[in-house]
Amino acid sequence: MLKKFINYYKPYKLLFSIDLFCAIVVSSVDLAFPQILKYITLTLIPSGNAVLNTVIYIAIILLLFYAVKFFCQYFITSWGHIMGARMEGDMRRQLFYHYQKLTFSYYDRNNSGEMVSKLVSDLFDISEFAHHGPENIIISLLKITGSLILLSMINWQITLILTAVVVLMIIFSLFMNRRMRNIFTANRKRIAGINARVQDSLLGIKVIKSFTGESIEHRKFDNANDAFLESKSQSYRAMGIYHSINSLFQGLLYVAALISGAFFLTTGSLNAVEFAMYFLYIGIFISPIEILVNFTETFQRGFSGFRRFIDVIETEPEIQDTKNARALVVQSGIVEYKDIYFAYEKPLEVLNGISFKIKSGQTVAFVGPSGGGKTTVCSLLPRFYEPSSGEILIDGENIDKFTISSLRRSIGVVQQDTYIFSGSVRENIAYGNPDASEEELMNAARMANLHDFILSLPEGYDTFVGERGAKLSGGQKQRISIARVFLKNPKILILDEATSALDNENESLIQQALVELSKNRTTIVIAHRLSTIRNADIIMTVDNGRIIESGTHEELIAARGLYAKYYALQQEK
């Protein structure tokens with residue numbers, strides 16, 4: 001884990017080296033002052049030769065030392081933090097890019113609020129650790145080692161006693177750190193749980209208010225908040241024990257030095273000046289120990305956050321390009337499913353031996369009850385999920401021979417759950433083809449029966465639509481998603497309830513546009529409104545993961561099967 005963490009310093013080797021050099025300079029200046037004081041009291045004053053002039057020179061040298069320390073401290077505080085922030089930015093970029101690579105199954109299992117928590121709060125703690133960690137450790141180790149050597153030079157017997165106390169402190173600290181590691185990891189999970197709860201409530205605020213569910217949300221939030229508070233209280237109790245016992249050990253250092261120092265004074269092996277110098281160095285010796293003790297919380301927060309970060313980074317996408325995968329260039333657009341089985345969670349099969357073939361330019365519609373597997377069938381074609389067994393072919397070749405990006409560029413999808421990004425109307429439509437010209441973008445909007453509506457908006461195509469398209473109606477959002485596909489202009493279309501949110505008038509207009517778009521393209525339609533797919537070349541009824549009937553509208557009506565039953569029910573309505 002430590003090696004993985006150190007790798008993130010590599011782009012900033014120079015900055016890191018200067019930061020550590022400055023830390024060494026700061027430590028050296030602090031260690032030098034008692035030595036200069038010792039020289040004045042033990043050597044210079046007893047000699048009686050021009051003491052004042054020499055002290056002035058020494059004072060000037062000290063001022064130069066502290067001037068250098070000033071610039072080093074400035075560098076540590078400013079550029080050290082900047083280095084930490086840059087590392088944080090690198091990790092955040094890597095984590096966000098990795099989130100984009102992960103497959104739908106990962107998002108099915110994990111909460112988006114927890115993912116945001118890892119992007120924000122976890123990485124901030126890692127940044128603080130990245131900056132303060134090496135700097136604090138270098139300064140502390142130098143001061144502790146240097147002061148121990150200088151203390152030994154004054155009186156090695158007292159120093160040996162102090163070392164024994166320090167060893168006890170180290171043993172206690174290692175024990176407590178192992179205990180606190182689990183507590184701080186639990187803290188990270190609890191705060192991620194709060195973020196997830198808040199995000200869920202804010203995104204569902206319209207439902208909450210329409211059902212007057214504020215009290216329910218308060219209860220859910222309080223449960224998550226109380227769990228975090230309990231976890232936080234555990235960490236503070238552990239930190240309280242840790243700090244207070246370490247403070248006791250620091251007091252023991254002074255007591256041990258006082259008793260043993262007094263003993264050596266009486267025996268004549270230590271004089272009064274050396275005794276005073278010894279206590280001066282004990283202050284320098286204890287100061288970095290306090291720094292390390294206080295640094296423990298930063299270390300635990302940062303390292304537990306880094307563990308969670310690495311857990312995500314090392315999660316391999318379940319769907320990846322196969323070796324020697326090449327770019328897909330759709331020629332005819334023939335789509336074939338061969339004996340496809342699929343389960344979101346084994347052993348519960350969602351699809352059971354699905355097989356069919358769609359000829360070039362055909363429009364095939366899937367109908368059937370909710371949960372029957374219609375959307376799942378379509379989700380396998382762009383490799384949002386992988387089948388448990390079987391093959392899916394485009395133009396006679398297995399889709400896993402093509403790169404995922406080229407496969408998805410060749411397929412246009414209008415999903416049942418329309419998503420509108422926070423931004424302008426133009427940005428949302430242009431998502432279908434960011435390089436499209438203004439004329440192409442407007443033409444796509446016209447084909448989706450959206451252009452006139454957009455022109456009626458205060459800022460036209462530059463009108464801000466709000467978070468998740470909050471300023472748009474359901475039908476308007478659906479038409480934007482349709483315009484994206486018009487602009488993408490793919491060879492293969494998947495229309496998953498593409499007209500479900502439209503009123504009758506707009507549905508008729510959009511249906512005409514979709515018929516036009518489907519010409520010379522392989523089109524797969526999922527529909528609950530059976531009136532919208534009457535003209536499909538083939539209609540397949542899917543139930544319990546199987547295709548139970550297929551044919552034209554007229555053929556299925558004549559067969560008096562499940563399709564005919566659903567059609568009759570809708571005609572009655």
Side-chain angles (χ1 to χ4, degrees), residues 328 330-344 349-402 407-408 410-416 490-498 514-515 517-530 532-567:
L328 169 63
V330 178
Q331 301 295 333
S332 302
I334 300 170
V335 174
E336 186 174 2
Y337 282 53
K338 287 186 174 181
D339 200 26
I340 294 295
Y341 286 82
F342 175 78
Y344 291 103
E349 294 284 356
V350 178
L351 300 181
N352 297 280
I354 293 285
S355 295
F356 61 84
K357 186 173 184 178
I358 307 174
K359 296 178 182 178
S360 175
Q362 274 191 328
T363 296
V364 172
F366 288 97
V367 299
S370 296
K374 303 183 300 297
T375 299
T376 303
V377 169
C378 295
S379 296
L380 296 177
L381 184 59
R383 294 188 71 189
F384 294 152
Y385 298 94
E386 290 279 60
S388 307
S389 63
E391 285 187 308
I392 300 176
L393 312 176
I394 291 179
D395 291 339
E397 290 195 77
N398 197 315
I399 58 173
D400 64 11
K401 292 183 179 179
F402 307 117
L407 173 67
R408 292 174 184 171
S410 303
I411 301 171
V413 183
V414 180
Q415 294 174 333
Q416 183 177 0
K491 295 283 188 178
I492 300 171
L493 295 175
I494 297 175
L495 307 176
D496 187 353
E497 298 290 339
L514 290 177
V515 169
L517 181 64
S518 300
K519 286 182 179 178
N520 301 317
R521 291 177 175 83
T522 303
T523 305
I524 301 173
V525 183
I526 298 174
H528 280 119
R529 294 188 188 181
L530 303 186
T532 63
I533 46 96
R534 286 187 58 168
N535 296 322
D537 297 307
I538 301 174
I539 299 171
M540 299 184 188
T541 306
V542 181
D543 189 21
N544 291 322
R546 297 181 184 276
I547 297 174
I548 59 173
E549 56 183 356
S550 66
T552 63
H553 170 76
E554 290 76 14
E555 289 170 347
L556 292 178
I557 292 295
R560 297 182 178 276
L562 188 60
Y563 177 83
K565 176 184 175 182
Y566 281 159
Y567 189 77

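Basis for what follows: all heavy atoms, side chains included, without hydrogens, waters or symmetry-related copies.
Taking the side chain as every heavy atom from C-beta outward, Cys378 and Ile526 approach each other to under 4.5 Å. Side-chain contact between Ile394 and Leu407: present, with at least one pair of heavy atoms (C-beta onward) separated by less than 4.5 Å. A 4.5 Å side-chain heavy-atom check between Val413 and Asp496 finds every atom pair outside the cut-off. Ser389 has its side chain out of reach of Asp339: every pair of non-hydrogen atoms, C-beta onward, lies at least 4.5 Å apart. Taking 4.5 Å as the limit, every side-chain heavy atom of Thr541 sits out of range of all side-chain heavy atoms of Tyr566.
For the residue pair Ala365 and Ala536, the shortest heavy atom distance occurs at CB-CB, 4.0 Å. In this structure, Leu562 and Pro369 approach most closely via the heavy-atom pair CD2-CD, 4.2 Å. Here the closest non-hydrogen pair linking Arg560 and Ala564 is CA-CB, 3.7 Å.
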| task | Decide yes or no on side chain to side chain contact (heavy atoms under 4.5 Å, CB included) for Lys374 and Met540, but give the supporting numbers first. | result | CA-CA 10 Å; Lys374 303 183 300 297; Met540 299 184 188; over 6 Å; no

| So Tyr344 and Val350, side chain to side chain contact (heavy atoms under 4.5 Å, CB included) or not? Walk me through it. | CA-CA 7 Å; Tyr344 291 103; Val350 178; 3.4 Å; yes

| query | Does the pair Phe342 and Ile354 meet the rule for a side chain to side chain contact (heavy atoms under 4.5 Å, CB included), with working shown? | reply | CA-CA 9 Å; Phe342 175 78; Ile354 293 285; over 6 Å; no

| query | Are Arg383 and Asp400 close enough, and set up right, to give a side chain to side chain contact (heavy atoms under 4.5 Å, CB included), and what steps lead you there? | reply | CA-CA 8 Å; Arg383 294 188 71 189; Asp400 64 11; 4.0 Å; yes

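Note: Tyr567 and Tyr563 have parallel aromatic rings, judged against thresholds of 30 and 60 degrees for the angle between ring planes.
Of the candidates Ile539, Val525, Leu495, Thr363 forms a side-chain contact (heavy atoms from CB on, under 4.5 Å) with just one, namely Val525. Applying side-chain contact (heavy atoms from CB on, under 4.5 Å) to Ile411 and the options Val335, Ile399, Ile524, Ile494 leaves one that passes, Ile494.
With sequence neighbours left out, the side-chain contact (heavy atoms from CB on, under 4.5 Å) criterion links Ser410 to Leu328, Val330. For Glu336, the side-chain contact (heavy atoms from CB on, under 4.5 Å) criterion is met by Lys338, Lys357, Leu393, not counting sequence neighbours.
Distance check, rounded to the nearest 0.5 Å: CD1 of Ile538 to CD1 of Ile533 gives 12.5 Å. Rounded to the nearest 0.5 angstrom, Glu386 CD and Leu380 CG are separated by 8.5 Å. With rounding to the nearest 0.5 angstrom, the OG atom of Ser355 is 11.5 Å from the OH atom of Tyr337. The CD1 atom of Ile548 lies 5.0 Å from the CG atom of Asp543; values are rounded to the nearest 0.5 Å. Between the CG atom of Leu381 and the CZ atom of Arg408 there is a distance of 10.5 Å, given to the nearest 0.5 Å. We find the CZ-CD distance between Arg546 and Glu349 to be 9.5 Å, quoted to the nearest 0.5 Å.
Counting heavy atoms of neighbouring residues, nucleotides and ligands inside a 6.0 Å radius, atom CG of Asn544 does not exceed 12 of them. By the 6.0 Å contact criterion, CG on Asn398 is enclosed, its count of non-hydrogen atoms from other residues, nucleotides or ligands being greater than 12.
The closest donor-acceptor contact from the side chain of Asp395 to the backbone of Ser332 lies under 3.5 Å.
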